[in-house]
Engineer: 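Mind looking over this structure? Questions follow.
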Amino acid sequence: MSPFAPLAAEAARKIASYAILDDPKHISVEIGQAQHRIRLVNSWQVPQGGRVLEIGCGQGTCTAVLAEAVGPRGHVDAMDPGRPDYGAPFTLAKSQAHLSAGPVGDRITWHHAEPVEFLAGHPDKRWDFAVLAHCVWYFDAPDTLNRMLAALKGRAAKLLVAEYALTARERAAVPHVMAAIARATLEAHNRASEANIRCLLGPVSIKAAAARSGWALENEDVVVPDAALLDGSWEVGTVKSKWFLDEIDQLVTDATLRTTLLSAREAVVGAVELLNGEEVRTMDVWVSRFGQ
């Protein structure tokens with residue numbers, strides 16, 4: 001591998017064009033997503049020539065950044081168990097196909113598979129880095145992370161994890177923290193859920209899971225996302241919506257829990273009102289690197 005050379009922030013627009021279909025209305029959103037992933041990959045110091053396994057790749061925003069970082073001599077195995085028709089405004093299948101047809105497409109191999117099953121089915125494959133970028137909260141249960149980290153042991157030299165930190169250095173990100181807790185509490189009562197917040201594991205829990213599987217923490221940091229990363233606003237919007245109330249009615253029968261969820265929603269609405277028109281921000285992100 002070549003020595004690490006950071007990606008320039010200005011590369012976000014170029015990478016965003018790799019990662020989305022021709023939609024001028026969405027390009028600014030995707031640039032914000034790409035800028036955030038560039039910060040993550042630079043923090044992890046992924047070098048050119050690296051072999052990467054990305055778990056929970058979704059539509060491929062981080063995949064595109066990783067493919068740019070590893071260059072033509074590197075490769076990214078991008079894996080996601082989600083249905084090909086999952087995702088909006090573009091599905092996984094459409095976004096991944098668009099990436100494959102672009103300038104970094106030959107550096108990416110897509111795998112529609114459960115990670116543990118994939119690793120068991122390819123016992124000879126090894127990678128320099130295994131990446132979990134904002135995918136842990138999608139897991140259906142904490143044990144899913146435990147099994148995955150155990151399966152990765154001996155298969156990747158480094159484990160790179162980024163997930164929301166459950167803290168808010170920006171006052172305008174406080175509603176996002178509150179909304180995430182409310183969403184996770186509700187989704188815990190929907191075993192068929194495919195929502196993006198199902199398993200609310202914070203840095204302390206992730207580090208404990210990694211340690212149980214023999215991964216040693218090498219470094220960690222917390223970054224404050226730029227205003228262009230809109231995830232906080234989206235999550236708060238779902239909790240404030242009628243959809244959230246309807247889900248409570250359909251999924252939760254216990255009166256005390258229903259009251260708790262309604263109060264959690266009320267707290268989110270109140271926290272937004274206290275911003276006096278200021279836009280909701282995305283909460284802090286924990287970025288970490290583990291070795292064997």
Engineer: How long is the straight-line distance from CZ of Arg198 back to OG1 of Thr144, given to the nearest 0.5 Å?
Structural biologist: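 Separation between the atoms: 9.0 Å.
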
Engineer: Are Val161 and Leu217 grouped together when hydrophobic residues (ILVMFWY) are joined by side-chain heavy atoms under 4.5 angstrom apart?
Structural biologist: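 Result: yes, single cluster for both.
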
Engineer: May I ask you to test the Cys199-Pro142 pair for a side-chain heavy-atom distance under 4.5 Å?
Structural biologist: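 Side chain of Cys199 against side chain of Pro142, heavy atoms only: contact under 4.5 Å found.
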
Engineer: Are Val104 and Leu40 joined in one hydrophobic group, where the rule is that I, L, V, M, F, W and Y side chains link up if heavy atoms are under 4.5 Å apart?
Structural biologist: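 Same cluster: Val104 reaches Leu40 through Ile, Leu, Val, Met, Phe, Trp or Tyr contacts under 4.5 Å.
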
Engineer: Is the backbone of Glu235 close enough, under 3.5 Å, to the side chain of Thr238 for a donor and an acceptor to pair up by distance?
Structural biologist: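 Such a contact is found between Thr238 side chain and Glu235 backbone.
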
Engineer: Report whether Val223 and Val41 are members of the same hydrophobic cluster (ILVMFWY, side-chain heavy atoms less than 4.5 Å apart, transitive linking).
Structural biologist: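 Yes, Val223 and Val41 fall within the same hydrophobic cluster.
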
Engineer: Is there a side-chain contact between Trp110 and Leu99, using heavy atoms and a 4.5 Å cut-off?
Structural biologist: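 Trp110 vs Leu99: side chains touch.
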
Engineer: Just wondering, more than 12 heavy atoms not from Arg258 lying within 6.0 Å of its CZ?
Structural biologist: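 Count over threshold, so yes.
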
Engineer: Apply side chain to side chain contact (heavy atoms under 4.5 Å, CB included) to residues Ile181 and Arg183 and explain how you reach the verdict.
Structural biologist: CA-CA 6 Å; Ile181 296 170; Arg183 280 285 311 279; over 6 Å; no

Engineer: Atom OG1 in Thr282, atom CG in Leu229: separation rounded to 0.5 Å?
Structural biologist: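 Nearest 0.5 Å value for the OG1-CG distance: 4.5 Å.
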
Engineer: Say whether, by atom type as modelled, one donor and one acceptor occur between the side chain of Asp284 and the main chain of Ala165 under 3.5 angstrom.
Structural biologist: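 Checking the backbone N and O of Ala165 against the side chain of Asp284, no donor-acceptor pair under 3.5 Å is found.
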
Engineer: Answer yes or no: does atom NZ of Lys207 have more than 12 heavy-atom neighbours from other residues, nucleotides or ligands under 6.0 Å?
Structural biologist: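 Check passes, neighbour count above 12.
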
Engineer: Are Trp127 and Met79 linked, directly or through other ILVMFWY residues, by side chains that come within less than 4.5 angstrom of each other?
Structural biologist: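 Shared cluster, yes.
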
Engineer: Start with the C-alpha distance between Gln96 and Gln59, add both sets of side-chain angles, then the distance that settles side chain to side chain contact (heavy atoms under 4.5 Å, CB included), and finish with yes or no.
Structural biologist: CA-CA 6 Å; Gln96 292 174 5; Gln59 282 96 338; over 6 Å; no

Engineer: Does the side chain of Glu163 come within less than 4.5 Å of Ile206's, by heavy atoms?
Structural biologist: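 Yes. Closest side-chain heavy atoms under 4.5 Å.
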
Engineer: Can you tell me how far the CG atom of Leu132 sits from the CD1 atom of Ile55, to the nearest 0.5 Å?
Structural biologist: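 Result: 4.5 Å between the selected atoms.
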
Engineer: So, His122 side chain and Phe118 main chain: donor-acceptor pair closer than 3.5 Å or not?
Structural biologist: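 Such a contact is found between His122 side chain and Phe118 backbone.
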
Engineer: So does Arg107 get a backbone contact from the side chain of His75, meaning a donor-acceptor N/O pair under 3.5 Å?
Structural biologist: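 Indeed, once roles are kept as given, a pair shorter than 3.5 Å links the two residues.
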
Engineer: Can you name the closest pair of heavy atoms from Ala172 and Glu278 and give their distance?
Structural biologist: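 That closest heavy-atom pairing would be CB-OE2, 3.5 Å.
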
Engineer: List the atom of Ala184, the atom of Ile197, and the distance in Å for their closest heavy-atom pair.
Structural biologist: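 Looking at all heavy atoms of both residues, the closest pair is CB-CG2, 3.7 Å.
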
Engineer: Starting at CG of Leu119, measure out to CZ of Arg155 and round the result to the nearest 0.5 Å.
Structural biologist: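 The CG atom of Leu119 sits 5.0 Å away from the CZ atom of Arg155.
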
Engineer: Quick one: do Trp234 and Val239 end up in the same hydrophobic cluster if we chain Ile, Leu, Val, Met, Phe, Trp and Tyr together by side-chain heavy atoms under 4.5 Å apart?
Structural biologist: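 No: no chain of side-chain contacts under 4.5 Å links Trp234 to Val239.
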
Engineer: Taking ring pair (Phe, Tyr, Trp, His ring centres under 6.0 Å) as the test, write out the residues that go with His112, two or more places apart.
Structural biologist: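 With neighbours one apart ignored, the set is empty.
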
Engineer: Would you please indicate if the ring centroids of Tyr164 and Trp137 are separated by under 6.0 Å?
Structural biologist: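 Yes.
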
Engineer: Do side-chain atoms of Arg126 reach the backbone of Pro123 as a donor and acceptor pair under 3.5 angstrom?
Structural biologist: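 The answer is yes, because a donor-acceptor pair under 3.5 Å joins these two groups.
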
Engineer: Evaluate the side-chain proximity of Arg171 to Leu275: yes if any heavy-atom separation is below 4.5 Å, no if none is.
Structural biologist: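 In contact.
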
Engineer: Okay, side chain of Arg51, backbone of Phe129: is any donor-acceptor separation there less than 3.5 Å?
Structural biologist: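 Pair absent, no side-chain N/O of Arg51 close to backbone of Phe129.
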
Engineer: Would you name the heavy atoms of Val272 and Pro175 that are closest together and state the gap between them?
Structural biologist: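 Looking at all heavy atoms of both residues, the shortest contact is CG2-CB, 3.9 Å.
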
Engineer: Can a donor-acceptor pair be found between the side chains of Trp286 and Glu220 at a distance below 3.5 Å?
Structural biologist: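 Looking only at side-chain atoms, Glu220 and Trp286 do form a donor-acceptor pair, the distance falling under 3.5 Å.
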
Engineer: Indicate the atoms forming the closest heavy-atom contact of Glu54 with Cys62, along with that distance.
Structural biologist: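 Here Glu54 and Cys62 meet closest at OE2-CB, 3.4 Å.
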
Engineer: Between atom CD1 of Ile15 and atom CD of Glu68, what is the distance when rounded to the nearest 0.5 Å?
Structural biologist: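 Spacing of CD1 (Ile15) from CD (Glu68) equals 4.5 Å.
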
Engineer: Applying side chain to side chain contact (heavy atoms under 4.5 Å, CB included) to Val52 and Leu160, what does each step give before you reach the verdict?
Structural biologist: CA-CA 10 Å; Val52 178; Leu160 312 176; over 6 Å; no

Engineer: Taking C-beta and beyond as the side chain, do Pro47 and Val70 meet within less than 4.5 Å on heavy atoms?
Structural biologist: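 A side-chain contact under 4.5 Å is absent here.
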
Engineer: Shortest non-hydrogen contact from His189 to Thr185?
Structural biologist: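 Looking at all heavy atoms of both residues, the shortest contact is ND1-O, 3.1 Å.
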
Engineer: Under a plain distance cut-off of 3.5 Å, with no hydrogens placed, do Glu279 and Ser233 share a side-chain donor-acceptor pair?
Structural biologist: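 The criterion, which ignores hydrogens and geometry beyond distance, is not satisfied for Glu279 and Ser233.
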
Engineer: Would you sort out whether Met148 and Phe139 count as a side chain to side chain contact (heavy atoms under 4.5 Å, CB included), showing the intermediate values?
Structural biologist: CA-CA 10 Å; Met148 188 180 304; Phe139 297 165; 3.4 Å; yes

Engineer: Within the distance-only criterion (no hydrogens, no angle test), does the side chain of Asp254 pair as donor or acceptor with the backbone N or O of Leu257 below 3.5 angstrom?
Structural biologist: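 Confirmed, Asp254 side chain pairs with Leu257 backbone.
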
Engineer: With no hydrogens and no angle check, is any side-chain donor or acceptor of His176 less than 3.5 Å from a backbone partner on Met283?
Structural biologist: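 Yes, because the side chain of His176 sits within donor-acceptor range (under 3.5 Å) of the backbone of Met283.
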
Engineer: Can you measure from OG1 (Thr256) to CG (Leu261) and round to the nearest 0.5 angstrom?
Structural biologist: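 Nearest 0.5 Å value for the OG1-CG distance: 11.0 Å.
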
Engineer: So, does Trp215 use its side chain to make a donor-acceptor pair with the main chain of Leu149 at under 3.5 Å?
Structural biologist: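 Between the backbone of Leu149 and the side chain of Trp215 there is a qualifying donor-acceptor contact (under 3.5 Å).
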
Engineer: Identify the heavy atoms of Ala150 and Ser213 that sit nearest to each other, and give their distance.
Structural biologist: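 Heavy atoms only, the tightest pair is N-OG, 3.4 Å.
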
Engineer: List in chain and number order the residues that pass salt bridge (charged side-chain N to carboxylate O under 4.0 Å, His left out) with Asp246, two or more places apart in sequence or in another chain; answer none if no residue qualifies.
Structural biologist: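 Testing Asp246 for salt bridge (charged side-chain N to carboxylate O under 4.0 Å, His left out), a comparison that skips the adjacent residues, returns Lys242.
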
Engineer: Please assess Arg289 against Glu218 for the test salt bridge (Lys or Arg N to Asp or Glu O under 4.0 Å), listing each intermediate value before the final yes or no.
Structural biologist: CA-CA 6 Å; Arg289 181 184 177 109; Glu218 294 181 347; 3.4 Å; yes

Engineer: Donor-acceptor pairs are to be reported for all side-chain atoms of residues 32-39 against protein atoms at under 3.5 Å, with residues two or more places apart or in another chain.
Structural biologist:
residue: Gln33; atom: OE1; partner: Arg37; partner atom: NH1; Å: 2.4
residue: Gln33; atom: NE2; partner: Asp231; partner atom: OD1; Å: 2.9
residue: His36; atom: NE2; partner: His134; partner atom: NE2; Å: 2.9
residue: Arg39; atom: NH1; partner: Val224; partner atom: O; Å: 2.9

Engineer: Could you tell me whether the side chain of Asp80 and the main chain of Gly58 form a donor-acceptor pair under 3.5 Å?
Structural biologist: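 Pair found, side chain donor or acceptor close to backbone of Gly58.
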
Engineer: Quick check: do Val131 and Leu53 have side-chain heavy atoms less than 4.5 Å from each other?
Structural biologist: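 The answer is no; the side chains never approach within 4.5 Å.
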
Engineer: Flag the pair Lys125 / Asp77 as yes when at least one side-chain heavy-atom distance between them is below 4.5 Å, and no otherwise.
Structural biologist: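 Counting from C-beta outward, Lys125 and Asp77 do come under 4.5 Å.
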
Engineer: Can you confirm whether Glu247 sits close enough to Asn190 that some side-chain heavy atom of one is under 4.5 Å from a side-chain heavy atom of the other?
Structural biologist: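 Yes, their side chains come closer than 4.5 Å.
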
